[in-house]
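Taking it in order: structure first as structure tokens, then the write-up.
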Amino acid sequence: MARVLSGTRPTGKLHLGNLFGALENFKKLEGEDAYFMIADWHALTTEYESKTKIRENVIEVAIDYLASGLDPKKCTIFVQSDVPEHAEMALLLGMIAPLGWLERNPTYKEQLKEIEGRDLHTYGFLGYPVLQAADILLYKAEKVPVGEDQLPHLELTREIARRFNHLFRPVFPEPKAILTQAPKLPGTDGRKMSKSYGNTIELSDGPETVDKKVAEMMTDPARKRREDKGHPDVCPVYFYHTLLKNPAVETVAHECRNALRGCVECKQEMAGHLKKFLEPIYRRRKDWEGKRGDVVKILEEGSKKARSVAQGTLKEAKKAAGIL
Ligand code: TRP
Ligand code: SF4
């Protein structure tokens with residue numbers, strides 16, 4: 001049984017991009033020795049000026065985890081900052097993480113450019129991948145289910161592990177990323193689904209919201225009139241038909257290519273499949289929303305269990321580095 005670890009930043013409610021990008025694999029791996037974290041320290045690296053309390057989002061993400069079907073009896077769900085060893089391990093790994101590696105990190109450079117209106121020129125944000133390496137290595141995780149955007153961070157984790165093992169002694173295995181079939185999901189505007197673009201469909205969206213968002217979704221931009229032939233391959237709506245395994249997907253493509261169907265009806269058909277897909281998630285979400293006390297308890301127990309593993313590894317790493 002492989003040790004599995006992954007995490008999600010509690011910057012808001014989770015959306016279909018999170019689900020199809022990574023969360024789907026959390027569920028598949030929950031039967032192994034799996035730890036699913038809510039990375040509140042990581043949220044603070046970019047949200048430190050925000051007025052909303054990160055702790056409130058932590059609960060929302062925990063509910064999203066549970067709504068997506070994770071069973072707390074099979075896997076360990078916990079909050080990063082409830083396990084203080086993450087901070088200490090990040091400090092230790094920071095000693096050996098070359099600045100050049102961090103400054104060259106493509107995700108870092110991209111975010112500095114992309115995220116407007118926030119000052120991300122901080123020590124904490126530069127150290128984001130060091131903290132992530134600490135998260136993964138504290139559990140000696142072999143499998144890390146993540147979205148495609150996390151691959152550079154995972155590569156850095158492997159490099160930091162190798163460097164530690166080489167400088168001191170072999171303590172850490174090198175983790176492997178586990179990707180889904182659809183690691184990149186288009187949002188309602190056709191760009192990658194992301195909270196910062198405001199183009200998400202959330203796990204907590206009810207049927208009316210889903211209908212509304214799908215109705216406003218972008219289609220083949222070249223198809224201006226109903227008589228125009230469409231190109232399903234570039235249409236986000238079509239992508240969802242395939243993703244949701246609409247059995248009539250061939251018909252959808254054929255009718256689109258030959259202008260035999262309109263985008264309005266096409267979207268309505270897709271929304272039907274999407275609502276059916278989301279229905280059990282939505283139902284479980286409502287159920288857990290009414291039991292917030294139980295959610296808090298699940299996190300407390302998860303953190304206790306995670307902590308016992310983390311303490312062992314931290315001790316081993318500190319000994320290897322010669323400060324214990
Ligand atoms: N950086 C990840 C993201 O934005 C979240 C994360 C934090 C994570 N620590 C992790 C993912 C450890 C995997 C493993 O999605
Ligand atoms: Fe997209 Fe459907 Fe319109 Fe074709 S008919 S462009 S697949 S929404």
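Indexing begins at 1, ligand by ligand and atom by atom, following the structure's order. Side-chain atoms are counted along with the backbone in the values below, which use heavy atoms only and exclude waters and symmetry mates. For the single chain, residues carry numbers from 1 onward in sequence order.
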Under a heavy-atom criterion of less than 4.0 Å, does C266 contact ligand 2?
yes

For I136, the atoms of ligand 1 under 4.0 Å from one of its heavy atoms are 12 (C), 14 (C)

What atoms in ligand 2 come closer than 4.0 Å to a heavy atom of V237?
8 (S)

How far is atom 9 (N) of ligand 1 from its nearest protein heavy atom, and which residue and atom is that?
D135 OD2, 2.7 Å

Mark up the atoms of ligand 2 that fall under 4.0 Å of a heavy atom belonging to Y238, in ascending order.
7 (S)

C235 near atom 1 (Fe) of ligand 2 via N/O/S, less than 2.8 Å
yes

Protein contact to atom 8 (S) of ligand 2 [nearest heavy atom, distance to 0.1 Å]
T219 CG2, 3.6 Å

F172 and its side chain to side chain contact (heavy atoms under 4.5 Å, CB included) partner, picked from L138, L137, T157:
L137

Protein contact of atom 1 (N) of ligand 1 - nearest heavy atom, named by residue and atom, plus distance:
Y128 OH, 2.7 Å

What atoms in ligand 1 come closer than 4.0 Å to a heavy atom of L5?
12 (C), 14 (C)

Using the side-chain hydrogen bond (donor to acceptor under 3.5 Å, both in side chains) rule, pick out the option among K213, H15, K212, K13 that qualifies with D205.
K213

I'd like the name of whichever of H86, H42, Q132, Q80 reaches closest to atom 8 (C) of ligand 1 through any heavy atom.
Q132

In terms of relative ring orientation, are H241 and H273 parallel, tilted or perpendicular, with 30° and 60° separating the classes?
perpendicular

From atom 4 (Fe) of ligand 2 out to just under 2.8 Å, does an N/O/S atom of C256 turn up?
yes

Option among E202, M270, K275 that satisfies the side chain to side chain contact (heavy atoms under 4.5 Å, CB included) test with V210:
K275

Sub-4.0 Å atoms of ligand 2 with respect to non-hydrogen atoms of D220:
6 (S)

Among all protein non-hydrogen atoms, which one is nearest to atom 3 (Fe) of ligand 2, and what is the separation to 0.1 Å?
C263 SG, 2.3 Å

Do you know the tightest heavy-atom contact between N199 and M193?
OD1-CA, 3.5 Å

Ligand 1 atoms nearer than 4.0 angstrom to some heavy atom of V144 are 13 (C), 14 (C)

L131 contact mode with ligand 1 (heavy-atom cut-off under 4.0 Å):
neither

Is the shortest side-chain N to carboxylate O distance from D228 to R223 below 4.0 Å?
no

Do any N/O atoms on S6 end up under 3.5 angstrom from N/O atoms on ligand 1?
no

Indicate, as side chain, backbone, both or neither, the part of V146 found under 4.0 angstrom from ligand 1 when only non-hydrogen atoms are considered.
side chain

for atom 15 (O) of ligand 1, nearest protein heavy atom and its distance come out as Q150 NE2, 3.5 Å

Should the pair E301-K73 be classified as a salt bridge under the 4.0 Å nitrogen-to-oxygen rule?
no

Please verify whether a non-hydrogen atom of R223 lies at under 4.0 Å from ligand 2.
yes

Salt bridge or not between R158 and E155? Use side-chain N to carboxylate O under 4.0 Å.
yes

How about CD on E250, more than 12 heavy atoms from neighbouring residues, nucleotides or ligands closer than 6.0 Å, or not?
no

Between Y65 and T8, a side-chain donor and acceptor under 3.5 Å:
yes

State the atoms of ligand 1, each with its element, that fall below the 4.0 Å cut-off from a heavy-atom position in A39.
7 (C)

Taking the side chain as every heavy atom from C-beta outward, state whether T313 and M89 have any atom pair closer than 4.5 Å.
yes

Taking F36 as the fixed residue, which of F78, F26, Y139 is the one that meets the ring pair (Phe, Tyr, Trp, His ring centres under 6.0 Å) rule?
F26

Go through the steps for V252 and T242 under the test side chain to side chain contact (heavy atoms under 4.5 Å, CB included), then give the verdict.
CA-CA 10 Å; V252 175; T242 56; over 6 Å; no

Ranking P10, G7, P175 by closest non-hydrogen atom to atom 13 (C) of ligand 1, top hit is G7

